[in-house]
Amino acid sequence: MRNLERHPGITMHRIAVGGSIMGAVFALGTVLIFVIGLPASRWFLLGSALLGTGVAAVLLCLAQEQSSGTS
């Protein structure tokens, strides 16, 4: 009988992606693959974009309020 060892597969922590424009291209490409491959993920993407925009707006308002209050 053959020795059947499982291949470890691709591990995401081994893919080196910097914080430059290529990191953004990688992230957007990954999102695009999921949106095309899983049509139900479109609603998740839309909801997370709206939620992220809302959280960013709240944090921005809080930061502006804090910086104007300490002057």
Side-chain angles (χ1 to χ4, degrees):
M1 223 188 232
R2 271 181 14 184
N3 184 7
L4 299 176
E5 290 186 30
R6 292 190 67 180
H7 186 272
I10 297 174
T11 55
M12 294 299 284
H13 71 278
R14 292 282 188 177
I15 299 174
V17 178
S20 64
I21 189 69
M22 289 312 294
V25 169
F26 176 78
L28 290 175
T30 303
V31 168
L32 187 63
I33 288 171
F34 277 104
V35 167
I36 291 172
L38 298 169
S41 68
R42 292 178 187 149
W43 291 110
F44 178 77
L45 178 65
L46 178 64
S48 61
L50 290 174
L51 182 65
T53 302
V55 168
V58 168
L59 290 175
L60 184 62
C61 289
L62 289 174
Q64 286 179 347
E65 182 179 302
Q66 247 184 357
S67 66
S68 66
T70 59
S71 297

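A quick note: this is a predicted structure, and the numbers were derived from the prediction, not measured.
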Spacing of L50 atom CG and L45 atom CG [to the nearest 0.5 Å]: 9.5 Å
Intermediate values then yes/no, side chain to side chain contact (heavy atoms under 4.5 Å, CB included), L28 and L32: CA-CA 6 Å; L28 290 175; L32 187 63; over 6 Å; no
Distance (rounded to the nearest 0.5 Å) between Q64 CD and L59 CG: 11.5 Å
Fellow cluster residues of V58, listed by chain then number, with links counted only when side-chain atoms sit under 4.5 Å apart: L62
Over all atoms of both residues, closest heavy-atom pair of A49 and T53: O-OG1, 2.8 Å
